[in-house]
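Residue numbering restarts at 1 for every chain, and letters A, B, ... go by the order of the sequence lines.
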There are 4 protein chains.
Amino acid sequence: MVKVTVWNENRHENKNENVRAIYPKGIHGAIAEFLDAAGFDTKTATLDEPEHGLTDEVLNETEVLVWWGHLAHHEVSDEIVQKVKSRVLDGMGLIVLHSGHFSKIFKSLMGTSCDLKWREADDKERLWVVDPSHPIADGIGEYIELDREEMYGEHFDIPAPDELIFTSWFEGGEVFRSGCTFKRGNGRIFYFRPGHETYPTYHNKEVQRVITNAVTWAKPADRIRPVYGNSQPLEKITVKS
Amino acid sequence: MVKVTVWNENRHENKNENVRAIYPKGIHGAIAEFLDAAGFDTKTATLDEPEHGLTDEVLNETEVLVWWGHLAHHEVSDEIVQKVKSRVLDGMGLIVLHSGHFSKIFKSLMGTSCDLKWREADDKERLWVVDPSHPIADGIGEYIELDREEMYGEHFDIPAPDELIFTSWFEGGEVFRSGCTFKRGNGRIFYFRPGHETYPTYHNKEVQRVITNAVTWAKPADRIRPVYGNSQPLEKITVKS
Amino acid sequence: MVKVTVWNENRHENKNENVRAIYPKGIHGAIAEFLDAAGFDTKTATLDEPEHGLTDEVLNETEVLVWWGHLAHHEVSDEIVQKVKSRVLDGMGLIVLHSGHFSKIFKSLMGTSCDLKWREADDKERLWVVDPSHPIADGIGEYIELDREEMYGEHFDIPAPDELIFTSWFEGGEVFRSGCTFKRGNGRIFYFRPGHETYPTYHNKEVQRVITNAVTWAKPADRIRPVYGNSQPLEKITVKS
Amino acid sequence: MVKVTVWNENRHENKNENVRAIYPKGIHGAIAEFLDAAGFDTKTATLDEPEHGLTDEVLNETEVLVWWGHLAHHEVSDEIVQKVKSRVLDGMGLIVLHSGHFSKIFKSLMGTSCDLKWREADDKERLWVVDPSHPIADGIGEYIELDREEMYGEHFDIPAPDELIFTSWFEGGEVFRSGCTFKRGNGRIFYFRPGHETYPTYHNKEVQRVITNAVTWAKPADRIRPVYGNSQPLEKITVKS
């Protein structure tokens with residue numbers, strides 16, 4: 001049973017009645033609910049808890065971390081970001097959702113600006129599967145259609161993803177690489193675009209299926225970190241004159 | 001329970017006493033044994049069976065096909081190769097072992113010559129894990145050491161693999177990309193280098209672990225092939241003057 | 001000065017007055033004209049010439065081959081396809097345009113069906129640059145807009161490209177990986193989507209710029225093919241008891 | 001004429017007579033000399049100059065930056081690192097040599113620890129070309145052999161490179177991904193392993209050829225950064241009820 005922690009900054013829910021109406025238990029609550037139902041050992045953590053709810057104990061027990069943030073990326077402490085990064089390199093899976101593209105943890109792991117075009121205009125979004133072999137696309141049809149979503153458009157300033165699974169079409173004329181995998185150290189990362197707080201995206205069954213598949217995919221391999229540093233030869237080296 | 005078929009040309013075993021001593025049940029028998037013990041629903045098929053043991057029924061029931069061939073690549077019928085290829089594009093996993101690099105099916109899926117350097121000289125081989133995040137490397141240490149193996153050296157004429165998991169060091173001075181994944185259509189492919197017929201490589205527990213991991217990894221996603229061909233618009237197209 | 005051969009099946013131009021009106025010198029003539037103006041040593045070849053205009057002499061002298069075909073893929077002889085493939089693996093660059101996705105040479109190099117969705121309905125197409133670092137995107141703005149084009153939609157059944165440079169948005173609701181690089185052997189390949197015969201796409205200055213950039217990019221490195229086959233050790237191998 | 005700046009921390013040369021004997025003009029001087037002879041407009045900059053010699057003016061004029069550092073990575077100011085990173089995302093090419101794997105700029109662009117195994121024991125190194133199509137391998141044979149070098153061994157904790165051009169064999173039993181390309185934003189990055197300060201590696205003609213090829217390859221495309229941020233629709237969006 002994979003141990004999942006769903007992290008959410010949980011600010012929109014507190015400030016905005018419309019968001020609260022869609023996600024009465026918070027975005028983290030909605031995500032945790034379907035992950036729990038899928039059979040994972042699921043916990044949640046939020047920004048305003050001590051250490052943002054990501055204590056050493058929580059992080060060490062977490063096999064896959066799901067991340068949603070937007071308004072308050074700058075309030076996440078650098079120390080916690082460093083710990084999360086270290087856990088990812090150690091093997092913890094990381095699923096970054098929607099506006100998490102601009103989180104400190106994602107930018108630090110990508111090494112780029114992670115910037116993009118955006119618009120809140122009720123665009124229709126259609127996420128096409130461009131890698132039908134991928135386990136994250138298991139059970140998904142040719143595309144997922146979302147009647148209204150925030151638009152994110154290219155150029156998305158990320159390294160070329162290791163695997164590109166979804167590409168979005170937007171009504172207003174843009175495209176976006178909306179389902180991307182990356183590997184960093186021992187850890188696997190999945191970025192998934194949809195999930196603006198004013199739309200009921202995380203109640204969509206196909207979106208839930210993708211995130212559920214991603215948790216299974218991101219589960220760490222049974223490996224310790226490689227040994228780095230000074231190293232004795234495994235074979236005899238000729239002494240040269 | 002993943003349904004696996006282990007295919008082997010099974011010629012060395014019949015011709016060469018030394019090979020038979022190492023693999024009394026054939027290379028396919030040895031591989032099937034540890035895959036069966038790992039909990040897969042495992043069958044075998046060999047070149048000299050009718051349709052090489054790969055009838056439509058067998059192929060349709062196979063979720064992951066393991067392939068070992070060497071002497072008799074040219075005896076594999078083009079029709080069967082075409083059926084196997086079609087099944088891979090449909091989603092069947094394919095694990096190509098050692099000299100299978102020159103099989104018709106592998107060359108046809110790669111689109112290149114798949115040629116390489118080789119030498120039978122009891123080289124020591126050390127397969128270094130270069131992607132510690134990969135599930136195929138689950139449970140494997142920093143490297144696998146094989147006291148004696150055939151050497152395969154670069155340049156290995158394949159497309160750049162989607163993922164490079166192992167790189168081999170050889171005593172005689174060469175390197176080789178020895179654990180490579182590829183995706184083609186709905187199917188996942190893993191090429192794994194070791195396994196010359198005159199060495200007990202498939203009795204090595206770590207080699208067994210890699211192949212076992214690869215079967216789990218290569219299991220098809222629950223998806224049908226995408227729809228291709230002429231396609232009606234999903235959105236209204238403006239009539240232009 | 002890069003030596004370029006522009007190959008065209010040249011059938012639509014002969015059958016269809018509208019196509020002839022757009023491309024009075026044939027699609028090959030139009031492409032050769034702007035490549036010549038860009039300073040390349042440019043020749044053309046067409047299907048109905050002896051050996052399709054691709055004699056050994058022509059192929060050996062060609063550094064980059066541009067390929068346009070549609071109606072008559074099956075009329076291209078397997079022997080010539082094999083020679084072209086061999087030249088690509090030897091280092092010759094290959095630029096496959098539009099309906100060339102279904103040519104024998106492209107399918108053989110890709111190892112997949114190369115199938116896709118399509119529609120002739122005057123869709124607007126917008127090709128977004130998703131890799132702004134790439135020399136093939138040199139001088140191109142954020143996107144290229146084509147008022148009317150044939151639609152090609154995902155899933156495009158190719159191996160994951162080594163580099164994805166353009167992604168198309170279509171008015172009818174689809175997306176497409178429309179500018180893709182692949183490396184095979186010593187050769188570099190670029191697939192570029194636009195160019196349906198009934199539209200003046202190859203008169204578009206940005207489309208011309210992309211193809212011109214691609215020729216420069218695809219020019220062979222100064223290298224001979226690696227040596228394959230049986231190989232003496234470069235280091236002393238211990239004799240094992 | 002590409003404008004190149006060769007940056008070197010220039011400390012070993014000042015401290016160690018042996019290094020000074022090999023590189024009397026410093027490592028930067030040796031590299032600048034062969035780049036200059038290759039026809040580039042080449043300048044140098046070193047750690048102890050004001051702003052490490054990387055003023056805004058210098059950076060803005062630099063098309064490709066070559067980086068060698070080892071002892072004093074921590075002395076490079078975060079502000080300068082940020083400026084260099086910003087220039088890379090803007091399109092400036094970056095060539096990171098040898099111990100530069102642990103520089104702030106490389107780690108920041110990679111997002112990983114960039115750690116590795118190492119040993120100073122006069123290992124023989126043989127760098128095999130694994131991508132014979134790549135322009136960085138232009139003019140290079142099947143491998144480059146260096147009689148003595150520092151060993152760097154896997155696991156090398158980097159993201160999977162966009163392209164893997166060289167893989168090293170070491171006498172002591174290790175392998176290493178020693179020639180790797182990465183793209184970040186508008187910029188192209190090449191990491192090249194050899195070049196320990198106590199060996200005359202940068203006097204080797206093939207090593208010089210690789211670095212020279214890399215400068216040509218890393219030259220920026222003629223593009224400005226994409227536009228990011230809030231964006232008006234390019235197509236009309238349906239008002240939904």
If the contact rule is any heavy atom under 4.5 Å from chain D, which residues of [range] qualify, in numerical order?
range	answer
residues 216-226 of chain A	A:Arg225, A:Pro226
residues 160-169 of chain A	A:Ala160, A:Asp162
residues 72-103 of chain A	A:Lys85, A:Leu89

Checklist outcome for this item: Note: D:Ile237 and A:Glu171 closest approach over all heavy atoms is CG2-OE1, 3.5 Å
Next on the checklist: Please find the pair of heavy atoms, one from D:Pro233 and one from A:Glu174, that lie closest to each other, and give the distance.
Outcome noted: CA-OE2, 4.4 Å
Checklist entry - Taking atom NZ of D:Lys205 as the centre, does the number of heavy atoms from other residues, nucleotides or ligands within less than 6.0 Å exceed 12? => result no
Selection from [options] maximising heavy-atom pairs under 4.5 Å formed with chain A:
options	answer
D:Leu234, D:Asp115, D:Leu109	D:Asp115
D:Arg148, D:Lys236, D:Met151	D:Arg148
D:Pro159, D:Ala121, D:Gly173	D:Pro159

Below 4.5 Å, heavy atoms only, C-beta onward: do [X] and [Y] meet side chain to side chain?
X	Y	result
D:Glu235	A:Phe170	no
A:Thr238	D:Lys124	no
A:Lys117	D:Asn230	no

Item to check | Value rounded to 0.5 Å, distance of OH in A:Tyr228 from CG in D:Asp157 | outcome: 4.0 Å
Checklist entry - Of all of A:Ile158, A:Val239, A:Thr112, which one pairs up most often with chain D through heavy atoms under 4.5 Å apart? => result A:Thr112
Item to check | Neighbours of chain A found in residues 179-186 of chain D - heavy atoms under 4.5 Å | outcome: D:Lys183, D:Arg184, D:Gly185
Checklist entry - For A:Gln232, is it the side chain, the backbone, both, or neither that has a heavy atom closer than 4.5 Å to a heavy atom of chain D? => result backbone
